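All remarks here apply to the structure that follows.
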Amino acid sequence: MSEFTFELELCAALEDGEYGDSVVARQLGGSVADPGGRILDIVCVEPGPEFADRVAITGETIPGAAIESAIGTGRARFWKGAFDCHTERARRIVERACEIGFFARERRGGRDYVRQVARYPDWYGRIVGIENKPDLGTPGDLEAQLRTDASLGLVDEAILATESYVTRAHLNRIPEVIGVWRFFPESGDLEVIREPTPLPVSEPGIELLAEHPGRTEIAVVSAAEKARARRRLAERAYGKGWRTYAFPDCGACEPTTDRDETLPYCTWKECVVDPASECGAACGGFEAVETPDIDLEAERETRTPWIADPGGARRQSGLDQFL
Ligand code: SF4
């Protein structure tokens, strides 16, 4: 089974089970000093006290720079000078924040004045990061990845999920704080082999940057940088979710599996497939059909607390510029 298939099946099982009230997302940056240096396979963001207030703002990711800017909820202010970045970038952030309904815009004297439509809420609780390695026989960079998660402490809990039988030798090779799950994609059953130990998210962390023979490059990441990166991670998870796949234009794809999740299930291969890498005319089972019209956004709205466009805030902010 491919890592892609394992990942989608695990996301579906988590959303159906223990993390039904949380935000489940996949493939998100989990490093701070070296952005993109560590990608977390699955992220579960548990709801905090003001989760409903976050849902009410927008279904999109709110840009970190908009949240961190000097634009507040009171009187609208001229956008220039409110951002700690280049003017061009600030302009793009303002446009995006208006488009998604986080900022509202007023035109005065030929200038744009903006304000936040609502105070940014305290909406997320614990963040759990999951590394998928269906087959422990081909571990790749697994040990280094899990050592990074353990020493950086960006997420509250870090877990390894596998389909393999987990031996004592496997457990000894990964940091003790990392939890271990055995997940069976066909049934959706999950067995906890080892509980994770909570990581010190509010303390500085050590990010592993590169390993060379006899030496390791690291960066010390402050508690404030981690807090900022956690908020950005939670925001990206909220906006992205995990249904970020397409369906192939192939008659063998039957988009619903036994567990009633809309996944790209292939009746020819008898498993969920990754259309981007597995499908096309070169595949032996390919039968050309129209690409199925499946609304994964609507499915996310039905199955989770997420709302794509709450209150039409986006439409209202678009109208504001003509007032
Ligand atoms: S292209 Fe091949 S792998 Fe993809 S759905 Fe069709 S038969 Fe399955």
Side-chain angles (χ1 to χ4, degrees), residues 1-17 19-20 23-30 36 38-44 59 129-142 145 159-166 181-191 236-237 239-304 306 308:
M1 170 169 293
S2 72
E3 288 200 20
F4 176 83
T5 304
F6 184 88
E7 191 164 298
L8 293 197
E9 295 281 11
L10 181 52
C11 285
L14 293 172
E15 195 177 272
D16 272 351
Y19 290 96
V23 175
V24 179
R26 62 186 196 91
Q27 297 296 311
L28 296 170
R38 170 83 179 100
I39 301 295
L40 298 169
D41 288 333
I42 299 179
V43 172
C44 298
I130 301 165
E131 178 65 22
N132 296 325
K133 192 52 69 181
D135 179 5
L136 290 178
T138 52
D141 293 335
L142 181 67
Q145 289 166 334
I159 293 166
L160 164 66
T162 183
E163 194 176 4
S164 297
Y165 177 74
V166 181
W181 290 345
R182 193 166 181 212
F183 175 64
F184 302 91
E186 316 253 301
S187 63
D189 290 342
L190 196 154
E191 180 190 350
R236 287 198 190 104
K240 188 177 181 190
W242 62 270
R243 293 174 174 84
T244 52
Y245 46 87
F247 292 88
D249 51 354
C250 171
C253 179
E254 199 168 278
T256 303
T257 67
D258 293 345
R259 288 208 309 281
D260 204 26
E261 288 286 350
T262 312
L263 303 177
Y265 183 83
C266 169
T267 53
W268 188 69
K269 287 194 173 176
E270 297 187 334
C271 64
V272 172
V273 290
D274 178 2
S277 64
E278 297 179 62
C279 298
C283 171
F286 181 74
E287 303 160 42
V289 294
E290 294 265 301
T291 307
D293 183 17
I294 294 165
D295 188 347
L296 291 175
E297 220 178 55
E299 180 171 292
R300 188 180 180 199
E301 275 196 314
T302 306
R303 298 181 72 90
T304 75
W306 178 83

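Computed from a predicted model, the values in this text were never measured in an experiment. Each ligand, and each atom within it, is numbered from 1 in the order the structure gives. Positions are given from 1, in the same order as the sequence printed here.
- Counting heavy atoms from C-beta on, the side chains of P264 and L8 come closer than 4.5 Å.
- Other residues, nucleotides and ligands place more than 12 heavy atoms under 6.0 Å from the CD atom of Q27.
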Show, in sequence, the C-alpha distance, side-chain angles and deciding distance for R303 and D16, and conclude whether the salt bridge (charged side-chain N to carboxylate O under 4.0 Å, His left out) test is met. CA-CA 9 Å; R303 298 181 72 90; D16 272 351; 2.7 Å; yes
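- Side-chain contact annotation: E7 with N132, donor-acceptor N/O pair under 3.5 Å present.
- The shortest contact between atom 4 (Fe) of ligand 1 and any protein heavy atom is with C279 SG, 2.4 Å.
- Close approach of ligand 1 to A252 is summarised as follows: ligand atoms under 4.0 Å from at least one heavy atom of the residue are 6 (Fe), 7 (S).
- Contact between G280 and ligand 1 is present, with at least one heavy atom of the residue lying under 4.0 Å from the ligand.
- Counting the atoms of ligand 1 from 1 in the order shown, those under 4.0 Å from a heavy atom of W268 are 7 (S).
- More than 12 heavy atoms of other residues, nucleotides or ligands lie within 6.0 Å of CD in E191, so this atom counts as buried by the packing criterion.
- For atom 2 (Fe) of ligand 1, the closest non-hydrogen atom on the protein side is C283 SG, 2.2 Å.
- At the top of the distance list for atom 8 (Fe) of ligand 1, counting protein heavy atoms only, stands C266 SG, 2.3 Å.
- In summary, C250 places an N/O/S atom under 2.8 Å from atom 6 (Fe) of ligand 1, meeting the contact criterion.
- Ligand-side atoms of ligand 1 in range of G285: 7 (S), range being under 4.0 angstrom from any heavy atom.
- Between W242 and R300, the closest side-chain pair of non-hydrogen atoms is not below 4.5 Å.
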